[in-house]
Amino acid sequence: MAPSKNGSIVIVGAGVFGLSTALELKQRGYNDITVLDRYTPPAVDGSSVDISRIIRIDYADPVYCKMAREAYQGWTTEYKQQYFESGFALLSETPRNDWIEKSKATVLANGGTVEVLKDATQLLQSYPNIQAKLSGMNGYLNRIGGWADAAGSIQKLASRCSVEGISIISGPRGTVVSLRKEGSRVVGVNLLSGGSLLASQVIVSTGAWTNRLLDVAHAASSSGQPVGFIQLTEEEARSLDNTPVMINMSSGVFVFPPSPGSNILKLARHGYGYANEVTVISDGTTRTISSPKFESSNAQTGYLPEDADRDLRAGLRQFFPKFADRPWMNRRLCWYTDTPKGDFIIDHHPTLQGLFVATGGAGHGFKFLPILGKYIADCFEDKAPQELREKWRLAPSEGDSAGYSMKGDGSRAGPPLRELTRVEKAKL
Ligand SMILES: Cc1cc2nc3c(=O)[nH]c(=O)nc-3n(C[C@H](O)[C@H](O)[C@H](O)COP(=O)(O)OP(=O)(O)OC[C@H]3O[C@@H](n4cnc5c(N)ncnc54)[C@H](O)[C@@H]3O)c2cc1C
Ligand SMILES: *[C@@H]1O[C@H](CO)[C@@H](O)[C@H](O)[C@H]1NC(C)=O
């Protein structure tokens with residue numbers, strides 16, 4: 001049964017999943033929508049923030065490749081002020097990297113074009129300012145693609161929601177401590193400020209925090225991924241003008257050109273990450289899960305585990321040797337919501353009525369911002385093709401946790417997932 005358009009909808013989480021859903025549902029005629037978040041969007045320690053996210057159509061999986069091409073239309077029109085088309089280069093130390101080969105084939109099969117780099121130094125013909133040590137590497141370049149200002153895009157999306165008449169509440173009155181249930185029906189949410197907000201439909205889009213509210217440990221787990229920022233001078237930034245977004249598929253490290261205006265250089269690792277094991281109590285049961293902190297901002301301390309810092313620094317040396325010893329201006333762990341195969345979770349809850357789940361970005365959800373809400377709303381209204389319903393299904397839990405290691409779609413590199421130690425956790 002399709003949810004009623006006059007019923008109240010509460011969406012928990014104002015990242016790209018929650019906000020894109022809110023806007024699309026409002027445009028489809030749902031007229032009572034409230035979005036709640038711990039912090040005002042762009043939430044400081046959410047996954048949909050900071051200066052940049054890669055926008056690419058390069059995927060091994062044809063479903064996401066097709067979706068990314070559709071999203072690209074949005075980036076080059078509606079979101080063109082937030083989008084920078086620098087080109088995107090995928091590089092590997094070993095010949096015929098499996099994921100690069102698959103992605104190349106998928107892009108070509110979908111009508112795209114790539115420039116094969118038998119020797120990555122060929123990149124210098126188009127991008128003479130690249131500093132990276134490219135010899136001995138190979139891969140391909142896609143000129144369609146680049147990066148988007150993540151915080152700026154979320155700000156724009158949140159502001160559009162607000163203009164459309166969607167309420168966005170943050171702080172203690174926007175922080176959900178638990179779902180309010182009557183039997184097997186979710187009837188609203190209980191708030192940190194005390195009291196609750198009733199709703200005929202609750203949509204949980206809480207990203208890396210989802211397992212705190214709802215036991216989905218069999219389907220998703222959170223991993224912290226290292227990110228580092230370097231302040232450049234105007235002149236240094238100019239020396240990197242016209243360079244592409246690059247990913248080293250042998251190490252997982254990826255880099256962006258300096259952000260115009262701020263001249264900040266960013267690099268991160270698309271890896272298996274770190275688990276932060278915490279104990280939570282919900283519905284009277286105690287569970288251990290991996291999740292970022294809930295009560296305070298995860299972006300405050302600027303802490304990175306030593307091995308993460310070392311590997312990111314090695315990436316800095318390989319990509320930007322001139323700035324290899326420049327201190328970080330900022331660092332943090334950014335939280336992925338991993339799933340076993342990197343597929344999103346977009347589904348009605350299998351056993352709780354009145355509850356819909358939209359999460360599982362698995363380190364690649366941001367680029368879909370212009371179109372994600374449409375896909376989520378189609379699932380919400382049971383209109384999506386069967387193939388997508390299956391792909392994004394939330395299977396019932398059989399009570400067994402799948403562990404914290406969820407490897408995604410095969411595109412990651414670097415060391416295996418590691419649990420943070422007690423000493424490290426205290427520094428988060
Ligand atoms: C380092 C890093 C690099 C990435 N790079 C890319 C990239 O290059 N390209 C790309 O496409 N994708 C990338 N991704 C993935 C992409 O950013 C995520 O898939 C996407 O942002 C996830 O969005 P979300 O809405 O699920 O989560 P979030 O944006 O984190 O939103 C969830 C929100 O829920 C709120 N919340 C949680 N629990 C509660 C509660 N109980 N009460 C109230 N509010 C709550 C949180 O405060 C948060 O704001 C990257 C992610 C990271 C971490
Ligand atoms: C890519 O990663 C490999 C493996 O860590 C490393 O040897 C190589 O120098 C890196 N190259 C670049 C350009 O980052």
Side-chain angles (χ1 to χ4, degrees), residues 11-21 35-50 52-56 64 68 71 88-89 91-94 120 130-137 147-148 150 154 169-171 174-179 189-192 204-210 212-214 222-227 245-256 266-271 273 291-292 294 297-298 311 314-321 332-338 344-345 358-369 372 413-414:
I11 299 179
V12 191
V16 67
F17 278 77
L19 290 174
S20 67
T21 304
V35 182
L36 308 177
D37 204 297
R38 294 154 59 239
Y39 301 122
T40 308
V44 280
D45 65 347
S47 303
S48 310
V49 293
D50 82 44
S52 49
R53 285 290 179 282
I54 302 177
I55 306 302
R56 59 172 159 101
Y64 297 110
F88 176 52
L91 305 172
S92 162
E93 234 184 1
T94 48
I130 293 178
Q131 290 184 7
K133 296 169 184 160
L134 297 171
S135 59
M137 301 201 73
W147 60 280
I154 289 289
I169 304 174
S170 60
T175 301
V176 173
V177 289
S178 59
L179 299 174
V189 293
N190 298 316
L191 302 170
L192 183 63
V204 166
S205 48
T206 42
W209 291 265
T210 303
R212 288 180 180 265
L213 271 189
L214 191 67
S222 309
S223 66
Q225 307 283 339
V227 188
V245 171
M246 294 179 274
I247 185 163
N248 182 346
M249 298 292 285
S250 302
S251 62
V253 174
F254 58 99
V255 300
F256 298 85
K266 172 179 157 186
L267 65 167
R269 183 169 66 195
H270 183 55
S291 172
F294 176 67
S297 164
N298 293 271
D311 293 354
L316 182 66
R317 186 167 299 115
Q318 289 148 0
F319 276 111
F320 305 108
R332 71 168 180 134
L333 284 176
C334 172
W335 294 88
Y336 279 11
T337 308
D338 290 321
F344 303 154
I345 300 169
T359 187
H364 71 103
F366 191 82
K367 70 182 65 63
F368 301 106
L369 178 144
L372 187 57

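Numbering of ligands and ligand atoms starts at 1, following listing order. FYI, the numbering just counts along the sequence from 1.
- Of all protein heavy atoms, the one closest to atom 30 (O) of ligand 1 is Ser47 N, 2.8 Å.
- With a heavy-atom cut-off of 4.0 Å, Val177 does not touch ligand 1 at all.
- With ligand atoms numbered from 1 in the order given, ligand 2 contributes 13 (C) to contacts under 4.0 Å with heavy atoms of Lys133.
- When the heavy atoms of Thr94, Leu91, Asn248, Val253 are ranked by distance to atom 10 (C) of ligand 2, first place goes to Asn248.
- Any N or O atom pair closer than 3.5 Å counts here, and Trp335 shares no such pair with ligand 1.
- In terms of polar-atom proximity, Asp37 is counted as a contact of ligand 1, with an N or O under 3.5 Å from an N or O of the ligand.
- Within the 4.0 Å heavy-atom cutoff, Gly174 counts among the residues contacting ligand 1.
- Between Val16 and ligand 1, a contact under 3.5 Å exists for at least one N or O pair.
- Residue contacts with ligand 1, taken as heavy atom pairs separated by less than 4.0 Å, involve Arg38 via backbone and side-chain atoms alike.
- You'll find the side chain of Ser170 stays beyond 4.5 Å of the side chain of Tyr39, heavy atoms only.
- Polar contact with ligand 1: absent for Gln225 (N/O pair, distance under 3.5 Å).
- Contact annotation for Val176 and ligand 1: heavy atoms of both the backbone and the side chain come within less than 4.0 Å of the ligand.
- Side-chain contact check for Arg212 versus Thr206: every heavy-atom pair is 4.5 Å or farther apart.
- Residues Val253 and Gln318 have side chains not in contact (no heavy-atom distance under 4.5 Å, counting atoms from C-beta outward).
- Comparing heavy-atom distances from atom 22 (C) of ligand 1 across Ala208, Ser48, Gly15 singles out Ser48 as nearest.
- In terms of protein heavy-atom proximity, atom 7 (O) of ligand 2 is closest to Glu93 OE2, 2.6 Å.
- Considering backbone and side-chain atoms together, Ala43 places no N or O closer than 3.5 Å to any N or O of ligand 1.
- Both the backbone and the side chain of Phe17 come within contact range of ligand 1, each with a heavy atom under 4.0 Å.
- Between Tyr336 and ligand 1 there is a heavy-atom distance shorter than 4.0 Å.
- Within the 6.0 Å centre-distance limit, the rings of Tyr64 and Phe344 are counted as a close aromatic pair.
- In terms of polar-atom proximity, defined here as any N/O pair under 3.5 Å, Ile54 does make such a contact with ligand 1.
- Salt-bridge annotation for Asp45 and Arg38: present, with a side-chain N of the basic residue lying under 4.0 Å from a carboxylate O of the acidic one.
- The protein atom (non-hydrogen) at minimum distance from atom 5 (O) of ligand 2 is Ser251 CB, 3.6 Å.
- Of all the heavy atoms of Ala150, none lies under 4.0 Å from any atom of ligand 1, so neither backbone nor side chain is involved.
- Near Ser205, the atoms of ligand 1 lying under 4.0 angstrom from a non-hydrogen atom of the residue are 32 (C), 34 (O).
- Residue Met137 has at least one heavy-atom neighbour below 4.0 Å for each of these atoms of ligand 2: 1 (C), 11 (N), 12 (C), 13 (C).
- At least one N or O atom of Arg53, backbone or side chain, sits closer than 3.5 Å to an N or O atom of ligand 1.
- Put simply, no part of Phe368 is less than 4.0 Å from ligand 1, judged by heavy atoms.
- Not a single N or O atom of Thr359, backbone or side chain, sits closer than 3.5 Å to an N or O atom of ligand 1.
- Residue Cys334 holds the heavy atom nearest to atom 52 (C) of ligand 1 of all those in Gly365, Cys334, Gly271.
- Distances below 4.0 Å separate heavy atoms of Phe319 from the following atoms of ligand 2: 14 (O).
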